[in-house]
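Below is one structure, written out as structure tokens, with a few remarks after it.
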Amino acid sequence: MNTRITREGDINQMNETFYTLHTFMLHSESVTYFLMLVSLLGILGFWLFLTARDDDHE
Amino acid sequence: MGISRRKFLGWMGAAGMAATVGKSAAASSTGQFTGFPDSKAVLHDITRCIGCRSCEDSCNKVNALPGPDQPFSDLTVLEENRRTTSKSFTVVNQYSNTSKPEKPVFRKIQCNHCLEPACASVCFVRAFTKTPVGPVTYDPDVCVGCRYCMIACPFDIPTYEYDEPLTPRIMKCTMCAPRIEEGKLPGCVSVCPTEALTFGSRKDLIKMARERILNYPDRYVDHIYGENEMGGTSWLYLSGVPFHEIGMREDLGIKPAPELTSGALGIVPMVVGLWPVLLTGIYGMTKRKEKIASNEKAAAVSDTLKRANSEAAKKLAAAIEKERLDKEKALEAAEKRKEKAIREALEKAAAKKEEDAADSPEPDNKKVHTTDDTMRSEEDS
Amino acid sequence: MSGETSTVKRTLITPFNVITGMIVLVGLMITVLRFTKGLGAATNLSDYHPWGIWIGFDLLVGVALAAGGYVTSAAVYIFGMKRYHFAVRPAVLTGFLGYLFVVVALHYDLGRPWRLPYPFIMGWGTTSLLFEVGLCVALYLTVLFLEFSPAPLEWLGFKKTRNLAVRLTMVLTILGVVLSTLHQSSLGALFLIAPSKLHPLWYSPYLPVFFFVSSIIAGLSMVMFEGMLSHHAFHEKMDETHLTESDSLTIGFGKAASLVLAGYFTIKIIGVAAGNHWDLLTTPYGIWFLVEIIGFVALPCFLYAVGVRDKNVKWIRYTAAWTVLGIVINRLNISVIAFNWHLPAADRYVPHWMEIGISVFIVTLIILFYRFIVTRMPILYEHPDYQGGGH
């Protein structure tokens, strides 16, 4: 029950934190920038994983 | 009621937080932001302004700005078309009244304190903040001085200390945020002698403005400037003449500033996510093509080599055969010549024998000599 | 910087050295004035026009014309045009110097230049397209530095580090294209926030696309234009491949530029259609817009095509110079000429001679650095120790 209340609080915060489009975008864009960094590193790692057993691997 | 609502939300949370969060995000992306509740604003009733410049004076003192070039009591400056500068956060301009030429119109200019400020949206160090109370404030401690806010502001409000070599700041009206914090009125509002400026909750002021338009339809244009312009501002205007006649742009639209750039910003992660995939794909295809090409080339080379080899072998065989035939022919010819020579020699010898039958018997020497000649001719061929 | 200029002066009094020496001297004097008296003393910037040619030319044009680095390395390493490999190093060098001096020039324009890293250490104003531009330019400058690094490493003889840098080529090329796509387009997107200030013929939601596509044109044209200048100035520094293959490169890049210009012309027209601004074409600004679109987009597109069909290398190179001029005009139109078009003439901006002085100073520094590097490092020829390495 306790956890549910906490979650409710979180949800309320989610709904009430962003009064303006600007603050909402600040938040979402910051998350996006972080994810972009992760994805750039991730795709490199994934490419190495994908091609590691290629016959013509140099 | 409160408990049941809480329970309901709890259930919602338990049922699927993702769904709830998704819902709120969806509402956000449709632009359902209403701004801070109970934020403050100022209503400027242009019909009440008499152009006394008291607000300019008060603003100058409250913000401790350098003294004006001409004293604030000098009203001749009203005739120039002035704008905000780094030394004056607010100015009052005079405009001719098209419907009542004997009664000029005065309008006060200052930061409109947008609900969705363009300056804050474009600032890459977040120097601008839309405070919950209403003012848009500026923090010079993080400002880099790029002046993008000045490019972005649709009202041409932010100004810059161009003569400061080391510590230039963006200068603009603060709506007297520190005074509001202390419970005081903004400097300009506090001195206005005609109540052309009213400070209060934005919601209340919009109601008040509507009432004025309703009660005095002849006095006002049926529009509250700032209610929706650029997503709404915390400085609202009522006027007796069309707003574009007093230098206020009516073509700004009601789209909040951040929406103008959200599309371009949204493309950025798409490029980051898909470009490497696309480019690596093209690279892979290029490489594959190169490999196939090089394989084909190698095959072609070996094929050509083979063909060349077999041709060479054929040629060689033909040459050998030809040589053999030539030799045979030559041998045959030599044989024939030999036979001929022998025959001739024999005939000669026989003839001579008949001639010298009685006196010289030596035919064998000559015969040997002729055979030597034939041998030599065979070698030459 | 000053060492280089003084050695140049000491060695010979040639017209080139005298002129560059004078430009550098004047540039340094303006620099002192700018940083002691402020922007107001050296520029005509105003509260209406906070951005002048230091942004319009030094930043926007600078970045566009430095696009040759990513265009050439993408053509060679990703699209497999290995024949043009010899052109990668000069293009990457120009790109690197271009971006480096964009950042240098930015220090003049910014109010507090030493706070340039603030966006990343205390700001994180992620809603700003300028944040995105700053981040990409900072990262791409690093990428270009690494892409360029094999040349100085070969020159200095650091074999192991050089080979390590070469091994990164593919990753750097792809990262370079991603970052270039982003910041080239975002430079156009900077102006999306000001629909009320930029003339409707130039303002378009497609601005980022226009900027990206025209950066490809700028990159291709710049490589050809530079090739022309290098052939005059550094002929003796070029190896056999460089001398024999550069004609085929010019024809190949000319063909590509012609094709991209055709696409750019199409989307520019579609931009007018999308905003339904046909009626504005007959106004003075409309005529200037047509001059840009017809004279500096459609015309070079056609001229390139003629040059390619006739295999006329000289013709293509002159067209490249014309196209580069077109890019300059386009960027200045958006940032200065068609910006604040609605204001009365008295409130409009005309650059101060000192602003032009600094822009010329910066271009001169780029040329001096290019010359310094090209005459010393293996840029226009392959280093004998590393021949046929494919890099």
Side-chain angles (χ1 to χ4, degrees), chain B residues 81 83-86 118 120-127 142-154 156 158-170 230 249 251-253 255 257-258 260-265 267-268 271-272 275-276 279-280 282-283 285-287 289-290, chain C residues 34-41 43 45-48 50-51 74 77-80 82 106 109-113 115-116 118-119 122-134 170 173-175 177-178 181-182 185-186 188-197 205 207-208 339 344 347:
Chain B
N81 188 22
R83 62 155 290 158
T84 54
T85 69
S86 57
S121 170
V122 300
C123 184
F124 64 176
V125 287
R126 290 189 291 157
V142 294
C143 180
V144 182
C146 73
R147 308 186 296 287
Y148 191 18
C149 48
M150 298 166 70
I151 292 281
C153 179
D156 283 323
T159 64
Y160 186 71
E161 294 181 308
Y162 282 106
D163 294 326
E164 278 292 333
L166 296 174
T167 56
R169 291 169 295 173
I170 292 292
M230 294 298 292
R249 295 192 68 165
D251 59 346
L252 298 177
K255 211 186 245 184
L260 292 167
T261 47
S262 61
L265 281 171
I267 305 277
V268 171
V271 170
V272 172
W275 240 220
L279 294 170
T280 316
I282 293 172
Y283 167 66
M285 287 198 288
T286 313
K287 231 180 138 190
K289 230 192 248 165
E290 269 167 18
Chain C
R34 150 69 188 95
F35 288 106
T36 52
K37 302 276 180 204
L39 278 171
T43 69
L45 297 176
S46 66
D47 289 332
Y48 278 123
W51 286 359
Y77 296 126
I78 296 175
F79 293 91
K82 291 201 169 141
L106 215 52
D109 191 75
L110 291 175
R112 309 195 201 197
R115 287 183 175 178
L116 200 52
Y118 270 29
M122 33 212 310
W124 290 95
T126 46
T127 56
S128 173
L129 278 152
L130 200 58
F131 176 83
E132 204 264 337
V133 169
M170 259 340 280
T173 304
I174 289 178
L175 193 59
V177 176
V178 171
T181 309
L182 291 177
S185 59
S186 292
L190 284 182
F191 294 90
L192 286 177
I193 197 75
S196 57
K197 295 186 181 178
L207 262 176
F339 193 80
D347 292 331

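Lettering of chains follows the sequences in order, A, B, ..., and the numbering in each one begins at 1.
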Could you tell me whether a side-chain N or O of B:Trp275 sits under 3.5 Å from a main-chain N or O of C:Leu175, the two making a donor and an acceptor?
no

Would you check if the side chain of B:Arg147 reaches a backbone N or O of C:Asp109 as a donor-acceptor pair within less than 3.5 Å?
yes

Proximity breakdown for C:Pro195 and chain B, heavy-atom pairs closer than 4.5 Å:
side chain

Heavy-atom pairs under 4.5 Å with chain C are the metric here; pick the option from B:Asp163, B:Thr167, B:Val272 that has the most.
B:Thr167

How far apart are the C-alpha atoms of C:Leu129 and B:Leu265, what are their side-chain angles, what is the distance that settles it, and do they pass the side chain to side chain contact (heavy atoms under 4.5 Å, CB included) test?
CA-CA 7 Å; C:Leu129 278 152; B:Leu265 281 171; 3.9 Å; yes

Heavy-atom pairs under 4.5 Å with chain B, option from C:Ala41, C:Pro113, C:Gly80 with the top count
C:Gly80

Under a 4.5 Å heavy-atom cut-off, does chain B meet the side chain of C:Ser185, its backbone, both or neither?
neither

Look at B:Val268, B:Asp251, B:Thr159, B:Ile151 and state which one has the largest set of heavy-atom pairs under 4.5 Å with chain C.
B:Ile151

Examine whether an atom of C:Leu190 lies under 4.5 Å from a heavy atom of chain B, and if so say whether it belongs to the side chain, the backbone or both; otherwise answer neither.
both

Heavy atoms, side chains only, cut-off 4.5 Å: are B:Tyr148 and C:Ile193 in contact?
yes

Given C:Phe191, C:Phe35, C:Trp124, the one with more heavy-atom pairs under 4.5 angstrom with chain B than any other is C:Trp124

Taking only residues two or more places apart in sequence or in another chain, which ones pass side chain to side chain contact (heavy atoms under 4.5 Å, CB included) with B:Thr85?
B:Lys87, B:Ser88, C:Asp47

Choice from B:Ala152, B:Pro158, B:Gly263, B:Ala120 maximising heavy atom contacts with chain C below 4.5 Å
B:Ala152

Between B:Cys123 and chain C, with a heavy-atom cut-off of 4.5 Å, which part of the residue counts as in contact: side chain, backbone, both or neither?
backbone

Does a side-chain heavy-atom distance below 4.5 Å link B:Leu166 with C:Arg112?
no

Atom CZ of residue position B:Arg169 - does it have more than 12 heavy atoms of other residues, nucleotides or ligands inside 6.0 Å?
no

Please name all residues satisfying side chain to side chain contact (heavy atoms under 4.5 Å, CB included) with B:Asp156, sequence neighbours left out, ordered by chain then number.
B:Arg83, C:Tyr48, C:Lys197

Which of the residues C:Ser186, C:Ser196, C:Ala189 is involved in the greatest number of heavy-atom pairs with chain B at under 4.5 angstrom?
C:Ser196

Top contributor to chain C contacts, counting heavy-atom pairs under 4.5 Å, from B:Ala257, B:Ala264, B:Pro258, B:Cys143:
B:Cys143

Tell me, side chain or backbone of B:Ala127 under 4.5 Å from chain C's heavy atoms, or both, or neither?
neither

Toward chain C, the part of B:Glu164 with a non-hydrogen atom under 4.5 Å
backbone

Please look at B:Ser86 and chain C and tell me whether the side chain, the backbone, both or neither of the residue comes under 4.5 angstrom of a heavy atom of that chain.
backbone

Interface check, chain B: of C:Leu207, C:Ile78, C:Leu192, C:Thr36, most non-hydrogen pairs under 4.5 Å belong to C:Ile78

Measuring heavy-atom distances to chain C, does B:Leu252 have an atom under 4.5 Å in its side chain, in its backbone, in both, or in neither?
side chain

Donor-acceptor pair, side chain of C:Thr127 and main chain of B:Ser121, under 3.5 angstrom
yes

Is there a side chain to side chain contact (heavy atoms under 4.5 Å, CB included) between C:Val133 and B:Phe124? Walk through the geometry before answering.
CA-CA 10 Å; C:Val133 169; B:Phe124 64 176; over 6 Å; no

Do the non-hydrogen side-chain atoms of B:Cys146 and C:Leu130 ever get within less than 4.5 Å of each other?
yes

For chain B, which of C:Pro50, C:Ser46, C:Ala194 has the most heavy-atom pairs under 4.5 Å?
C:Pro50

